[in-house]
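Note that ligands are numbered from 1 as they come in the structure, with each ligand's atoms numbered from 1 the same way.
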Amino acid sequence: MALPPDLHMHTPLCRHATGEPVDYARRAIELGFTEIGFSDHSPMRRDDFDDWRMRFDQLGEYVDKVRRAQRDFPQLTIRLALEVDYLPGHEEWIRELASLHPWDYLIGSVHYVSDSWAVDNPYKLSEWKNRDVMEVWSAYFERLTMAAETGLFEIIGHADLPKKFGHRPTRDCTPLYETFLNAAKKHACALDVNTAGLRKDCKEIYPSRQILELAFQKGIPITFGSDAHEPEEVGMNFNEAVELARSVGYRQSVRFASRKAQSVEL
Ligand SMILES: [Zn+2]
Ligand SMILES: [Zn+2]
């Protein structure tokens, strides 16, 4: 079975990943990939917003690192992308970022449910104690829906991230998923089938089978991502991810070049 492209991976510029793009590319070739994409955490307008992303003045360096990997490994298709944090009010900034380099795609991700709390931040785990789990899931999916509605993203990242540490919704979230997926469908966003969840407390791929089933029914495309933060994580658990997608009914995934989708047989 040919491996679908791994379109979600990071670089040390985000300050919580190790290994250069050339190391990720080498690993991808070892594993038999024909295509990967770098999607490191994009800068915010204010560099002091948080400490787990590249600074704005490093954006050119990021592009250079990816270009170097493209030159060193011509046998591997390497896409240039970003994982962009969506927060309400940041749309203008995201448009500006989008115009600065010829990105192949932008992954829109929600990590922040308020200006100061990213639900997946292990250093802010105690914040969950102050919050109602269901209220967090609702706020999260409300923002994810807004992210899809902007039409700024080709892919929506790890769609049920709040489960990372095992905080599961206490009520049926189907209406939240439906609203989000209808927005994704309307704006032709693909869902990132992201294996990083298997390496976290939730021990489950993002998004859940339920979300993927709803997405399949609506005809929403998917991509695959390891969310690698070190070269050894490239393509991790891809067989499991492809198996999940196929069991839901998917026979194709998508890849992106110059922000245009192309289909990939699974
Ligand atoms: Zn990260
Ligand atoms: Zn992310």
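There is a side-chain donor-acceptor pair under 3.5 Å between Glu91 and Tyr86.
For Tyr177, the ring pair (Phe, Tyr, Trp, His ring centres under 6.0 Å) partners are Phe141, not counting sequence neighbours.
Under the salt bridge (Lys or Arg N to Asp or Glu O under 4.0 Å) criterion, the residue pairs touching residues 25-37 are Asp23-Arg26, Arg27-Glu30, Glu35-Arg79, Glu35-Arg255, with sequence neighbours excluded. Note on residues 135-146: no pairs pass salt bridge (Lys or Arg N to Asp or Glu O under 4.0 Å), not counting sequence neighbours.
Protein N/O/S atoms closer to the Zn ion (ligand 2) than 2.8 Å number 3 in this structure.
Checked against the 6.0 Å centroid threshold, Phe56 and Trp93 count as a close aromatic pair. Taking the six-membered ring for Trp and the full ring otherwise, the centers of His111 and Trp52 sit less than 6.0 Å from each other.
Residue side and main chain included, His10 places no N/O/S atom under 2.8 Å of the Zn ion (ligand 1).
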